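First the structure, in the form of C-alpha cells, and then the observations on it.
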Amino acid sequence: MDGVVEGDQGLAALRKIARHDLARLNYPAANWVPERAGPDGQRVLDVLVVGAGMCGQTVGYGLLREGIGNIRVIERETHGREGPWNTTARMPILRSPKHLTGPDLGVPSLTFRAWYEAQHGADGWERLYKILRLDWLAYLLWVRETVGLKVENGVGLLKVEAVGDLLHATLSTGETVHARKVVLANGRDGSGGFRFPSFPSFDPEDPKRQGRVFHTLQEIDFTKLVGKRIGVLGVLATAIDNACTALEAGAAEAVCFARRPHLPQVNKSKGVSFSGFQRGQGMLDDDWRWKIYTYMLAAGSPPPHESVLRGQKLPGFSFRFAEPWLDVVVEEDGVTVKTTKGTERFDTVLFGTGFDIDMGRVEEIAAFTANVKLWADVRSADEVKANAEAARYPYLGRGFELEEKVPGRTPGLGNIHLFNWGSILSHGALAGDIPGLFVGATRLVQALSHDLFTADIERHVQNMHAVEDPELAPTDYFVPREKRAGTL
Ligand SMILES: Cc1cc2nc3c(=O)[nH]c(=O)nc-3n(C[C@H](O)[C@H](O)[C@H](O)COP(=O)(O)OP(=O)(O)OC[C@H]3O[C@@H](n4cnc5c(N)ncnc54)[C@H](O)[C@@H]3O)c2cc1C
C-alpha cells in the first residue's frame with residue numbers, strides 16, 4: 001500500500017490486492033484428488049479440519065493452495081469466538097513481536113503488517129509497539145474471508161470412528177460424514193484440557209466450585225468479583241493477566257502464588273524461534289527431541305514483562321513465591337487455601353495452571369485413545385518417571401499423524417493428524433504459537449497431500465495412462481490416438 005487510503009477503505013483496497021496476489025499464484029489450485037464415494041453413497045471428504053482458530057484456518061487455506069479442495073472446516077463456536085482472543089485471553093497485547101508472519105502462508109499482502117498498514121499507514125506501523133489482542137482476531141478473520149475459506153461455525157466434532165479405511169465423524173448438528181483424513185486443530189487444550197493440580201479436598205468436577213473456583217482459561221464474569229479477595233495459583237502469563245483483569249474490574253486484592261522461588265527469567269522458546277530449529281527439530285532422532293523438550297518444559301517461560309508491569313502498578317496485586325498450595329477447600333461463602341506457610345481465606349480462587357496433555361481426555365477420538373502411542377512408550381522407565389509430563393505427549397509421525405501403540409489394533413488412527421500443542425515433543429512448537437505456524441501448516445499440508453496421493457497411486461497411474469492432451473492438434477504433425485506408435 002502507498003498509504004494513500006487507510007482505515008476501512010484501506011482494508012478493502014488491500015483485500016483486492018491480496019486476492020489479485022492469490023490469483024497470480026493460481027489460487028485456489030485445481031482439485032486433483034480423485035472423488036470417492038463412501039458406504040452411504042455420499043462423496044467422501046478428503047480432509048475434515050476440526051477447529052477454525054489460527055491453526056485450523058491456516059491448514060484449510062494451505063489445503064486449498066495445494067489443490068485439496070474437497071474439505072470441510074468446522075468450528076464449534078460462533079463466528080468471531082474462535083480461539084481464546086475475545087473470550088478467555090485477558091492480556092491487552094500479544095506477547096509475540098509484531099513482525100511475525102504465519103497465517104499469510106508467505107503471501108505479503110496477507111501479513112499482519114499489510115493488514116495494519118492498510119488501516120494505519122506505514123507511520124502507524126512504525127508507531128505500533130505490539131499487536132492488540134482483538135486486532136489479532138480481526139486480522140485472522142480478515143485473512144479467512146480474503147482467501148475465501150469457508151468455515152462452518154456452530155458445528156462441532158463429537159466423535160470419530162473407523163469404518164473400513166475411512167474415518168466416520170459424528171457432528172454436533174446430527175450429521176455424519178466420512179473422511180479420509182481428520183485434522184484436529186482444536187487448540188491448546190485439544191490434547192487434554194485444563195490442568196487442575198490435585199489437592200486432597202478439591203474436586204474440579206464438584207458443582208460446588210461454580211462461581212468460587214475458576215480455571216484462568218475459562219470464561220469468568222469479572223463484574224462479580226468487585227471488592228473480593230482473590231487467590232491465584234500460578235505466576236505465569238495467564239495467571240497474572242487474570243489477576244490484573246480482576247483488579248481492574250474492581251477486585252480488592254489478587255495474590256499470585258508460586259512454588260518456585262522467583263519468576264522464570266528466560267523465554268527459551270524465543271531462542272529456538274528460527275527456521276532451522278523449526279524445520280529440523282521434528283527430523284531429529286528421539287534422543288535429541290526428548291532432550292530438547294524435557295529441558296524446555298522444565299525451564300518454563302516467564303510472563304511477558306508487560307503483564308508484570310501491569311500487575312506491579314495495581315494496588316492489591318502481589319506475588320507470593322516459594323509458597324506452594326497444599327489444599328483447597330471450597331465452602332459456602334469462600335475458599336480456604338492451605339499453603340506451606342499458613343492458611344488463607346479467599347472469596348474466589350483462580351487456577352492459572354495451564355493445560356494438561358492427556359490423550360485419554362480427548363473425547364472426540366475416545367475410540368482410539370487407549371492405543372495412541374505416547375513418548376512414554378519410547379523412553380526408558382527411569383526417563384518416564386523423571387519426566388512424567390513430557391512422557392504423556394503423543395508420539396507423532398512425520399506428518400503430525402497419531403501412531404498406534406499396538407500396531408493393527410486401531411485401524412484409521414494414522415489418518416488422524418494432531419495439529420495442536422500436543423505435537424511439541426515430536427515436532428517443536430509448530431502447531432500452537434505464531435512463530436512456528438508457517439512451517440507447521442506447510443508440513444502438515446504436504447503430508448496430507450503425500451498421503452492422499454500415495455493411497456490413490458493406482459488411480460493416478462491409470463489416469464496418467466488415459467490422459468489425452470492433443471498438444472499438436474493445431475499443427476500439421478498431429479497424429480490421432482489410434483494411429484500413434486506405442487504408448488505415445
Ligand atoms: C491467553 C493466550 C494468549 C496467547 N498469546 C500468544 C501470543 O502472544 N503469541 C503466540 O504466538 N501465541 C499465543 N498464544 C498461543 C496460541 O497462539 C493460541 O493458543 C492460538 O489460539 C492457537 O491457535 P489454535 O488454532 O491452535 O487454537 P485455537 O485458537 O484455540 O482454536 C481452536 C479452535 O478449535 C475449536 N474446537 C475445539 N474442539 C472442537 C470440536 N470438537 N469441534 C469443532 N471445533 C472445535 C475451538 O472452538 C477453537 O476455536 C496464546 C494462547 C493463549 C491461551
Side-chain angles (χ1 to χ4, degrees), residues 48-61 72-103 112 130-137 140-141 144 151-160 169-173 182-194 215-219 234 236-242 245 267 269-270 273 301 303-304 306-307 352 354-355 361-366 400 416 418-424 429-438 440-441 444:
L48 174 66
V49 181
V50 180
M54 187 173 87
C55 288
Q57 79 163 45
T58 309
V59 171
Y61 158 42
R72 282 174 71 175
V73 182
I74 58 168
E75 165 57 55
R76 67 180 168 202
E77 292 289 344
T78 52
H79 183 266
R81 281 177 58 89
E82 299 87 350
W85 312 113
N86 70 355
T87 52
T88 56
R90 299 184 172 115
M91 66 292 180
I93 50 172
L94 261 56
R95 176 199 285 256
S96 306
K98 64 179 179 180
H99 63 260
L100 286 182
T101 57
F112 179 80
K130 281 192 174 175
I131 300 171
L132 290 176
R133 169 170 50 83
L134 293 181
D135 272 2
W136 185 249
L137 172 64
L140 288 176
L141 294 173
R144 180 202 292 185
V151 169
E152 297 172 55
N153 282 97
V155 181
L157 171 72
L158 298 184
K159 66 172 175 179
V160 186
T170 305
L171 309 184
S172 58
T173 50
V182 168
V183 172
L184 292 179
N186 51 350
R188 278 235 163 177
D189 51 341
S191 288
F194 294 155
H215 191 282
T216 48
L217 288 152
Q218 85 185 81
E219 290 197 42
L236 301 185
T238 55
I240 298 177
D241 282 313
N242 273 263
T245 304
N267 185 351
S269 61
K270 249 191 194 170
S273 189
S301 174
E306 294 91 344
S307 295
F355 298 114
R361 291 174 67 188
V362 187
E363 286 170 10
E364 294 94 329
I365 57 165
F400 293 90
I416 301 174
L418 193 78
F419 200 60
N420 66 33
W421 196 247
S423 62
I424 58 166
L430 303 189
D433 292 344
I434 305 164
L437 181 61
F438 174 79
L444 173 60

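All ligand and atom numbering here is 1-based and tracks the order in the structure. Values in this document were obtained by computation on a predicted structure and should not be read as measured data.
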**Message:** A side-chain contact here means heavy atoms from C-beta on lying under 4.5 Å apart; do I131 and I93 qualify?
**Reply:** no
**Prompt:** Any non-hydrogen atom of D241 lying under 4.0 Å from ligand 1?
**Reply:** no
**Message:** Taking 4.0 angstrom as the limit and counting only heavy atoms of V155, give me the atoms of ligand 1 inside it, by number and element.
**Reply:** 43 (C)
**Request:** List the atom of T216, the atom of G352, and the distance in Å for their closest heavy-atom pair.
**Result:** OG1-CA, 3.3 Å
**Item:** Closest heavy-atom pair and its distance - R95, P304
**Value:** NH2-CD, 3.4 Å
**Asked** Among protein heavy atoms, which sits nearest to atom 21 (O) of ligand 1, and what does the distance come to when rounded to 0.1 Å?
**Response** P84 CD, 3.1 Å
**Request:** Indicate the atoms forming the closest heavy-atom contact of A185 with V49, along with that distance.
**Result:** CB-CG1, 4.4 Å
**Message:** Within ligand 1, which atoms have a heavy atom of I434 less than 4.0 Å away?
**Reply:** 9 (N), 10 (C), 11 (O)
**Message:** Is there a polar contact between ligand 1 and R95, counting only N or O atoms under 3.5 Å apart?
**Reply:** yes
**Prompt:** Just heavy atoms, cut-off under 4.0 Å: does S172 contact ligand 1 by side chain, backbone, both, or neither?
**Reply:** neither
**Message:** Test your reading of the structure: does A431 have an N or O sitting under 3.5 Å from an N or O of ligand 1?
**Reply:** no
**Message:** Show me which atoms of ligand 1 lie under 4.0 Å from any heavy atom of E82.
**Reply:** 49 (O)
**Asked** Do H79 and L141 have side-chain heavy atoms sitting under 4.5 Å apart?
**Response** yes
**Prompt:** Is there a heavy atom of R133 sitting under 4.0 angstrom from any atom of ligand 1?
**Reply:** no
**Fill in**
Residue set satisfying ring-ring contact (aromatic ring centres under 6.0 Å, His included) with F194, at least two apart, ordered chain then number -> H215
**Close N or O approach (S96, ligand 1; < 3.5 Å)** = yes
**Message:** I need the atoms of ligand 1 closer than 4.0 Å to a non-hydrogen atom of P435, numbered in the order shown.
**Reply:** 11 (O)
**Request:** Please write down residue, atom name and distance for the protein heavy atom closest to atom 28 (P) of ligand 1.
**Result:** G83 CA, 3.6 Å
**Request:** Report yes or no: does a heavy atom of A237 sit under 4.0 Å from some atom of ligand 1?
**Result:** no
**Item:** L140 side chain reached by P103 side chain, heavy atoms, under 4.5 Å
**Value:** yes
**Message:** Would you say that M91 contacts K130 through its side chain, given a criterion of any heavy-atom pair below 4.5 Å between the two side chains?
**Reply:** no
**Complete:** min-distance protein heavy atom vs atom 46 (C) of ligand 1 -> E75 OE2, 3.5 Å
**Message:** Contact between L217 and D189 at the side-chain level, heavy atoms closer than 4.5 Å - yes or no?
**Reply:** no
**Asked** To the nearest 0.1 Å, how far is atom 53 (C) of ligand 1 from its closest protein heavy atom, and which atom is that?
**Response** L217 CD2, 3.8 Å
**Message:** I want to know if ligand 1 touches G432 in the polar sense, i.e. an N/O pair below 3.5 angstrom.
**Reply:** yes
**Prompt:** Please state which protein non-hydrogen atom is closest to atom 42 (N) of ligand 1 and give its distance, to 0.1 Å?
**Reply:** L157 N, 2.8 Å
**Asked** Going by the atom numbers of ligand 1, which of them fall below 4.0 Å from some non-hydrogen atom of G156?
**Response** 42 (N), 43 (C)
**Ionic contact status for E75 with R144, cut-off 4.0 Å** = no
**Request:** Output the list of atoms in ligand 1 that are nearer than 4.0 Å to some heavy atom of A89, sorted by atom number.
**Result:** 1 (C)
**Message:** When you compare ligand 1 with R76, is there at least one nitrogen or oxygen pair between them that comes in under 3.5 angstrom?
**Reply:** yes
**Fill in**
the protein heavy atom lying closest to atom 5 (N) of ligand 1 turns out to be M91 CE, 3.8 Å
**Message:** Holding to ring-ring contact (aromatic ring centres under 6.0 Å, His included), I want the full list of residues that pass it with F400, two or more places apart in sequence or in another chain.
**Reply:** F419, H427
**Request:** Pull out every atom of ligand 1 sitting under 4.0 Å from any heavy atom of E77, numbered as shown with elements.
**Result:** 47 (O)
**Message:** Within the 4.5 Å heavy-atom criterion, are R90 and T238 side-chain neighbours or not?
**Reply:** no
**Prompt:** Looking only at protein heavy atoms, which one is nearest to atom 19 (O) of ligand 1, and how far off is it?
**Reply:** R188 CG, 3.4 Å
**E363 CD: over 12 foreign heavy atoms closer than 6.0 Å** = no
**Request:** Answer yes or no: is there a side-chain heavy-atom contact under 4.5 Å between E82 and N153?
**Result:** yes
**ligand 1 contacted by V50 (non-hydrogen, < 4.0 Å)** = yes
**Message:** With a cutoff of 4.0 Å, is W85 in contact with ligand 1, counting heavy atoms of the residue only?
**Reply:** yes
**Prompt:** Of the protein's non-hydrogen atoms, which lies at the shortest distance from atom 25 (O) of ligand 1, and what is that distance?
**Reply:** C55 N, 2.8 Å
**Reference residue C55; test side-chain contact (heavy atoms from CB on, under 4.5 Å); the match among L430, L437, L184** = L437
**Message:** Suppose I only count heavy atoms of A185 and a 4.0 Å limit; which atoms of ligand 1 are within that range?
**Reply:** 32 (C), 33 (C), 34 (O)
**Asked** Does D189 approach ligand 1 within less than 4.0 angstrom via side chain, backbone, both or neither, non-hydrogen atoms only?
**Response** neither
**Request:** Can you see which heavy atom on L418 is nearest to which on S191, and at what distance?
**Result:** CD2-OG, 3.4 Å
**Minimum side-chain heavy-atom gap L94-L100 below 4.5 Å** = no
**Request:** Specify side chain, backbone, both or neither for E364, according to which of its non-hydrogen atoms lie closer than 4.0 Å to ligand 1.
**Result:** side chain
**Item:** R81, portion touching ligand 1 at heavy-atom distance under 4.0 Å
**Value:** neither
